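All values derive from a computational prediction rather than experimental measurement. Labels below follow one simple rule: chain letters A, B, ... track the order of the sequence lines, proteins then strands, and each chain is numbered from 1.
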Number of protein chains: 2
Amino acid sequence: MALPPAVELRRRNRAALLQQLHRHGPQTRAALTEALGLNRSTIGALATELAESGHIEETTGQSTGSAGRPSTLVACVPQSITVAAVEIRADRLRFALVGLGGEVLERSETALDEGADPMTAVSVITGGTAAASAEAVAAVPGLVDEGTVAHSTELGWIDRDAAADLEAATGREWQVVDTATAAAVGEWTRGDARDSRKLLYLHGGRGLTAGLVIEGRAQRGGSIQLGHIVVEPGGRECACGLRGCLEAEMEAFGFGEDFETTTLAAGMGDAAARDRLRRFGEDLGWALGAVVTATGPDEILFGGWLRELYLSTAAPVRSALAETTLPHLRSKLRLRTPVLGDEGALIGAAETGFAALFDQMR
Amino acid sequence: MALPPAVELRRRNRAALLQQLHRHGPQTRAALTEALGLNRSTIGALATELAESGHIEETTGQSTGSAGRPSTLVACVPQSITVAAVEIRADRLRFALVGLGGEVLERSETALDEGADPMTAVSVITGGTAAASAEAVAAVPGLVDEGTVAHSTELGWIDRDAAADLEAATGREWQVVDTATAAAVGEWTRGDARDSRKLLYLHGGRGLTAGLVIEGRAQRGGSIQLGHIVVEPGGRECACGLRGCLEAEMEAFGFGEDFETTTLAAGMGDAAARDRLRRFGEDLGWALGAVVTATGPDEILFGGWLRELYLSTAAPVRSALAETTLPHLRSKLRLRTPVLGDEGALIGAAETGFAALFDQMR
DNA sequence: GAGGTTTGTTGTTGTCTGCAACATATGATG
DNA sequence: CATCATATGTTGCAGACAACAACAAACCTC
């Protein structure tokens, strides 16, 4: 180690300070002292150092109304560290450049031609920003395992080394996460699920995926192929080679990405359509039962088009869940819909990048 | 903080050194220097300190046969830190006192009367050792969530605060883990599964439970009720209130704790018995498929009486698994039996205690 | 305006780890 | 068997760090 001895400790504290500001927004120095458990003088030293390096800005003279010398307010400078996030779908590509503190600095979107490979479009949409950002993260709908997409119904990828392809296209390293996990991280960090210890996010696109996040952190292997839980043993043949997958049933029922327009608007008055909804809701509940028993989450969010499905057809989902999970697992389980809407995956991808950054820093 | 500044760093290094010795056995100082990435002088300072406090012993003059001054061998003193581990079953209680380094210092076992509460027996079997040990951990077959046993088929407990009851019986704090998770930790730490990143241990007792361990660490909520995955929708009523649970099928087939003697020895020549085996193997495979899809392990160990089941009837389990999981999840998945046999849970419980200790120390 | 209160600043102190030089103990070489 | 090369423990020193205490600054209340 060429580094001086206790520099490590300093780095840890610096990272902790930045992370605190990133997560909880602008704060006074006194609040930071409290939150990090460090001495005033230590916070002072770190603050001046980070102010000189341009990562934070201090504004003084904020009278709080209470007694005592007013504390200086510390805020992080978004431009000082940026993370590039991309959400890949079959039909479109979304991009956001997110700054320290969580502010979205740039944002754009492109439609993709059916069947076109998104990788080339990624380098176009990110432009030079990807190279300039500290981290780059791509959210992909499918089963992701350390940079490779093992299976994606939506994109038709099987064992594709997406990280390598992204690096080839843009000239920089990429982290790859699945859309559901990214969205879970997003909802936990910037959404309404901060108090969830074990959060399961269900993402409905052309396929059905799920992501499990423990205490806000993505787990290796937290990417779950909800769509390929078998709900009808010996049932319909699925494109994946299995039989009776939830996704096969979904297709048979005619549900998918355009759920809202096709199904809800068109057929809610129709008894046959309601029956299809109920039956698919049950199938979803059955698959969910197995996942809940196996992973024990305390909160489930219905994202993508599953959001509309759940809002219109919660009862069969709940009752199927009740028939397949133990009371204890159900009692602490909340079922909800995400608050970040369609943005969750993009925001969560960026937050995954920031989490990796803070981990590296310490 | 009343403590001097960099004492924290010192503590971390001390804990790391002890953990290294605990996990990888006696080593030379040079090896420790390499493993911990610290300077020779730092290792020296820590070693003399730990030798004075009685945690390690240094033996010098071990000529290795290679050139250079022979390094002093460092070994931890088992008696200096001990962990009490108890495995609770319906019919018996096992106890082990494990010392630093993993050596079993004491060991005993008692039969329990049917229906008797094990808690009183715990204080008898541990004697004074529980109070004297640094940690005390109890392994319980069932769904464990932070000290409370939410559901245990074997013991008939529902939402029992086992940690509190153990504390009342013995006058000290206890950690509670489920038997399967403990066994998984044991197999990962002292068994043959050290290279598994995500290890799923299946435990067959009177009930069926499973435990998931990531990189050797038990996860909160890693306790899985394998027996209450529903494999026959609308099937037999289970004691838990659900219908078609794997455990209900198991009972119907007449399998259980005494699997080996009753089923294998008696009926392997019998076609009906073989058929029952095959059908239960299939059911197990189905349940397992859902768990594998939801958690994505790279190794599955069949423990308890599932060991014998798997050794005699692997084919239907494997084929059912093949029908319910994606190729990618299966390709990296090894199915095996544990090497620690019946001792896994006890050893793993102790290791869980040591892990908690090392975490506390830093 | 005086006193109390909270917070930033500065100088000091104790502890820590890495580094380099030295001491020590072995094997290899002739 | 003496010498050299090699690997390792030991010691003194320097750089760095965070806590602490005393002080200064800025606010509120009376």
Side-chain angles (χ1 to χ4, degrees), chain A residues 1-18 20-21 26-53 56-75 361-362, chain B residues 1-18 20-21 26-53 56-75 361-362:
Chain A
M1 296 249 163
L3 282 174
V7 162
E8 191 191 330
L9 196 47
R10 175 67 150 232
R11 277 209 337 228
R12 294 182 67 87
N13 289 337
R14 193 162 38 214
L17 200 159
L18 279 182
Q20 174 74 14
L21 288 174
Q27 293 163 69
T28 64
R29 277 203 197 179
L32 289 171
T33 307
E34 171 84 8
L36 302 187
L38 296 172
N39 195 281
R40 285 203 298 251
S41 50
T42 310
I43 295 292
L46 287 172
T48 51
E49 183 190 318
L50 285 168
E52 277 171 18
S53 66
I56 63 171
E57 267 177 350
E58 296 193 296
T59 52
T60 177
Q62 283 282 348
S63 155
T64 54
S66 63
R69 176 176 175 173
S71 187
T72 54
L73 195 69
V74 185
M361 286 174 73
R362 57 181 59 175
Chain B
M1 297 247 161
L3 281 174
V7 163
E8 187 192 333
L9 195 47
R10 174 67 149 236
R11 278 209 338 227
R12 293 181 68 86
N13 289 337
R14 193 166 33 214
L17 201 159
L18 279 183
Q20 174 75 15
L21 288 174
Q27 293 163 68
T28 64
R29 277 204 196 177
L32 289 171
T33 308
E34 172 84 8
L36 302 188
L38 296 172
N39 194 280
R40 284 203 298 252
S41 49
T42 309
I43 296 291
L46 288 172
T48 51
E49 183 190 318
L50 284 168
E52 278 172 17
S53 67
I56 64 171
E57 268 177 348
E58 296 194 296
T59 52
T60 177
Q62 283 283 344
S63 154
T64 56
S66 63
R69 172 176 178 174
S71 187
T72 52
L73 194 69
V74 185
M361 287 175 74
R362 58 180 58 176

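Pairs passing the salt bridge (Lys or Arg N to Asp or Glu O under 4.0 Å) check and including a residue from residues 38-53 of chain B, sequence neighbours excluded, read B:Arg10-B:Glu49, B:Arg14-B:Glu49.
Within 4.0 Å of A:Ser41, counting heavy atoms only, lies at least one base atom of the nucleic acid. Across all strands, A:Ile43 comes closer than 4.0 Å to no nucleic acid atom at all (heavy-atom distances).
The CD atom of B:Glu34 sits 13 Å away from the P atom of D:dA7 (whole-angstrom rounding). Here C:dT17 presents its C1' atom at 13 Å from CD of B:Glu49, a figure rounded to the nearest Å. For B:Arg14 and C:dT17, the CZ to C1' distance is 14 Å, given to the nearest whole Å. The separation between A:Leu17 atom CG and D:dC17 atom C1' is 16 Å, rounded to whole Å. The nearest whole Å value for the distance from the CZ atom in B:Arg10 to the P atom in C:dG14 is 17 Å. In this entry the distance linking CZ of A:Arg12 with P of D:dA18 reads 12 Å, nearest Å. Rounding to whole angstrom units, CG of residue B:Leu46 and P of D:dT10 are separated by 13 Å.
Nearer the 5' end of DNA chain D, as judged by each residue's closest nucleotide, is the contact made by A:Thr42, out of A:Thr42 and A:Ser66. Heavy-atom nearest nucleotides on DNA chain D were determined for A:Asn39 and for B:Thr33, and the one closer to the 5' end corresponds to B:Thr33.
Annotation: side-chain hydrogen bond (donor to acceptor under 3.5 Å, both in side chains) contacts of A:Ser41 (sequence neighbours excluded): A:Asn39. A search for side-chain contact (heavy atoms from CB on, under 4.5 Å) contacts involving B:Thr48 returns B:Arg29, not counting sequence neighbours. For A:Ala35, the side-chain contact (heavy atoms from CB on, under 4.5 Å) test picks out A:Gln20, with sequence neighbours left out. Checked against side-chain contact (heavy atoms from CB on, under 4.5 Å), A:Thr28 has the following partners two or more places apart in sequence or in another chain: A:Ala30, A:Ala31, A:Ser71, A:Leu73.
The number of heavy atoms from other shown groups lying within 6.0 Å of CD (A:Glu58) is above 12. Residue-environment remark: CD (A:Glu34) stays at or below the threshold of 12 foreign heavy atoms within 6.0 Å.
For the OP1/OP2 pair of C:dT17 and a distance below 4.0 Å, the side-chain nitrogens and oxygens of B:Asn13 include at least one atom meeting the criterion.
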Within the 4.0 Å limit for protein heavy atoms, which parts of nucleotides 1-7 of chain C are touched? Write it as a string from 5' to 3', B for base, S for sugar-phosphate only, - for none.
----BBB
